[in-house]
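Note sheet for the following structure.
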Number of protein chains: 2
Amino acid sequence: MKKKSIKDIAQDLGVSKTTVSFVLNKKGDEKNISKKTQKMILDYIKKVGYQPNQIAKSLKNGTTNTIGYLVPDISNPFYAKIGRTIEDLLWEKGYHLIIGSTDEKKEKEERLLNMFLNRQVDGLIIASCFIKGEVLKSLSEHNFPMVFFDREDPGCLANYILVENKTPMKEAIQKTIDKGAKKIGLLSITPDVYSLKLRIDGYKQALLDNGLEYDQNLLRIVDHNRIKESAQKELKYLIEAGVEVVVFTNNQITATAIWLMNMLYPEKVKEITFVSFDNLDIFDYSMPKVISIAQPIDSIAKQSVEILAEVIKSKKIKNTRIELKPKLIVR
Amino acid sequence: MKKKSIKDIAQDLGVSKTTVSFVLNKKGDEKNISKKTQKMILDYIKKVGYQPNQIAKSLKNGTTNTIGYLVPDISNPFYAKIGRTIEDLLWEKGYHLIIGSTDEKKEKEERLLNMFLNRQVDGLIIASCFIKGEVLKSLSEHNFPMVFFDREDPGCLANYILVENKTPMKEAIQKTIDKGAKKIGLLSITPDVYSLKLRIDGYKQALLDNGLEYDQNLLRIVDHNRIKESAQKELKYLIEAGVEVVVFTNNQITATAIWLMNMLYPEKVKEITFVSFDNLDIFDYSMPKVISIAQPIDSIAKQSVEILAEVIKSKKIKNTRIELKPKLIVR
DNA sequence: TCGGTTTACTAAATCGGTTTACCAAAAATA
DNA sequence: TATTTTTGGTAAACCGATTTAGTAAACCGA
């Protein structure tokens, strides 16, 4: 039993495709289709359970009601939760989501981006590792509806939904200093992303403000291709250097470090404090104690969707830059 | 600068659409297009950066290379991780993912399902709360490529990728009984899903096998519409009843309970043992100690994709039922 | 009862590809 | 040289919708 098309319906009822299409699109009255015919078509539609082919619609209309969601890893709770919220918000507006995970790889990002474009997405919501890239740049120039979140390239004009980085990081670290911390280390994945750089700046600023020495050796970079091994090595370095506080620039690295601490140094989990940019539910009851900077997931999602919808609708160039305030959670 | 279509390319080069299409699809030799013309077209394609419109392709070919991924909540780590793995596996086969979260609501599930179908997905990977539903049933009857995972309706023939439920649950609980537990409670979300019922059966069986009394009052059901409040109430009941072990039927409820225990009964976290169907990374270092039944995420994803690809390719009816073995993690 | 308007509806073009069927010229064969 | 085959292409139909431009018939006022 093949699916019925408008053509089939028209034939079955002895009317034209045009008439059926008008009725389906609620243009029956406007287009002077008699009530009788309208009813006949609507009844038949219901009876056979006709569903329009969105692909055909998309081809004709030039719009797919599809948004691409491009992030480093959809299984990272931060991106998963934002994705989920965006899914719900977009659904209300009649859009739905295609997803892509880039693994922070430039090549994968460009391939996914091209896939999205070939599939004629109406817009993109992106946490990109490579905003400067050819494809994105050209899209930007041609005014393709896009919203960037989580990451920014200050050299590129675009719509950004961001979260303040430097100051919150500084303030979170200040809390530990207020409690007497003197030796503070930092663990970050490769900071080729501007927002990570800012978080690290916050770290340096906190030290500076308090007259603490900035020791370059205590700023450790983890290779994001082999997080576990690399983090273990760098964490070990910091522990052996005798730090009282370890600062992390995102949730993934904090989670890894918590796990490592419990596996390798269970005796030390009570002496050390973690500071994490990004919050995770588990921080509420894991050790070491974590002071975290919680990004406002709902706001990020809401703003992204709002700006995107606006840009799609207005078809005008827009370069909004929204900086949201994160929430400091001291435990 | 509008995007070029095949028609534009053909006009620019003074050849026909047909010729361009043949060359683009590597049918140049087969269709006797001269090397010279082929090169000319390919060079021009590269120069102007032509990208085919997948929507048009889909309309003509009747296949979209798109798979729908329908789960209760894409931000649940279990579904997020499986989704991520599936994304990667499908990508290799030239497919990509559209996602939908049902929130365990029948109505939402049907709406999303219809959306997927209107968008002409080539197949579906589903953790459904409502397999018996009209839409799914009719799809099944018309032999639409689908794979169900995580959940089963034994009354419906289909492709299932499942994990053993009863025995592993029984064995996990046995570990706690071996260590002397006598009073064992259970917390589950509303078990309107067959696999949850089986997990609960495993719980009952464990008690039975060991001559322990099955006290209906210790089997508490949490309302999945307001998990936190409901779980708090039910957990309180169990704690006050003096249980030594609490069993959970999925990760979400375990995670909530861990959080609640640490918030409300920090003094008891060391005395109580949790048993969780589904594993989470945090169990490695959270309290109370968790004995967990880890579902083989990678295998689930791999099998789902494999079976789906097979069904799509062969266009034959198939009713595979694969039951994977979970891994018991004792901490 | 004639011209204009409204009513009720339809043919055909279009979106951007793929594919079938066909054709002229050149090359190969009889 | 006449005929067949191969080479190198093209026109047009098609996928399933939307939309423009139009057309008969009914109606309506003068």
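First the proteins, then the strands, lettered A, B, ... as listed; each starts at 1. Model, not experiment: these values are computed from the prediction. Values reported hereafter were calculated over all heavy atoms of this structure, with side chains retained and with hydrogens, waters and symmetry mates removed.
Counting to the nearest Å, the P atom of D/dA17 and the CD atom of A/Q51 are 11 Å from each other. Distance B/K57 NZ to C/dC15 C1': 16 Å, rounded to the nearest Å. Rounded to whole Å, atom P of C/dG17 lies 9 Å from atom CD of B/Q54. Look at CG on B/L24: it is 15 Å from P on D/dG9, rounded to the nearest Å. The distance between atom CD1 of B/I9 and atom P of C/dG16, rounded to the nearest whole Å, is 12 Å. Residue B/L13 contributes atom CG, which lies 16 Å from atom C1' of D/dG8 at whole-angstrom precision. Rounding to whole angstrom units, CE of residue A/M40 and P of C/dA8 are separated by 13 Å. Atom CG of B/N32 is separated from atom P of C/dA26 by 16 Å (rounded to the nearest Å).
Among the nucleotides C/dT18, C/dC15, D/dT19, the one closest to the side chain of A/K27 is D/dT19. Of the listed nucleotides (C/dC9, C/dC15, C/dT10), C/dC15 has the atom at the smallest distance from the side chain of B/K7. Comparing D/dG16, D/dT10, C/dT19 against the side chain of B/V15 picks out D/dT10 as the nearest.
When heavy atoms are screened at a 4.0 angstrom cut-off, B/K36 is found touching no nucleic acid atom at all. At a threshold of 4.0 angstrom between heavy atoms, the contacts of A/S21 include nucleobase atoms, whether or not backbone atoms are also involved. Using a 4.0 Å heavy-atom distance criterion, B/N53 is classed as a sugar-phosphate-only contact. Backbone-only contact: B/I6 has heavy atoms under 4.0 Å from sugar-phosphate atoms and none from a base. Nucleic acid contact class of B/K35 (heavy atoms, under 4.0 Å, all strands): none.
Taking 4.0 Å as the cut-off between side-chain N and carboxylate O, B/K35 and B/D29 count as a salt-bridged pair.
Defined by atom type and a distance below 3.5 Å, a donor-acceptor pair is missing between the side-chain atoms of A/S58 and A/Q120.
Shown here, D/dA30 forms a base pair with C/dT1; the pair counts as Watson-Crick or G-U wobble because both key distances fall under 3.5 Å. Across every strand in view, C/dG16 sits in a pair with D/dC15 that passes the Watson-Crick or G-U test at under 3.5 angstrom.
The aromatic rings of B/F78 and B/F149 sit tilted relative to each other, their planes meeting at an angle between 30° and 60°. Using cut-offs of 30° and 60° for the angle between ring planes, the A/F148 and A/Y160 rings count as tilted.
Both B/A56 and B/I33 lie near DNA chain D, and the one whose nearest nucleotide falls closer to the 5' end is B/I33. If A/F22 and A/K17 are placed on DNA chain C by their nearest nucleotide, the residue sitting closer to the 5' end is A/F22. Mapping B/K31 and A/K60 onto DNA chain C by nearest heavy atom places A/K60 closer to the 5' end of the strand.
One finds no side-chain N or O of B/T19 lying less than 4.0 angstrom from the OP1 or OP2 phosphate oxygen of D/dG9. In this structure, B/S58 does not reach the D/dC15 phosphate: none of its side-chain N or O atoms is under 4.0 Å from OP1 or OP2. Within the 4.0 Å cut-off from OP1 or OP2 of C/dG17, at least one side-chain nitrogen or oxygen of B/Y50 is found. In this structure, A/N25 reaches the D/dT18 phosphate: one of its side-chain N or O atoms is under 4.0 Å from OP1 or OP2.
For A/T18 against C/dA11, a side-chain-to-base donor-acceptor contact under 3.5 Å is present.
Closest non-hydrogen pair, B/D150 versus B/S195, comes out as O-OG, 3.3 Å.
Two residues are said to be in side-chain contact when any heavy atoms from C-beta on lie closer than 4.5 Å; B/I86 and B/I125 meet this criterion.
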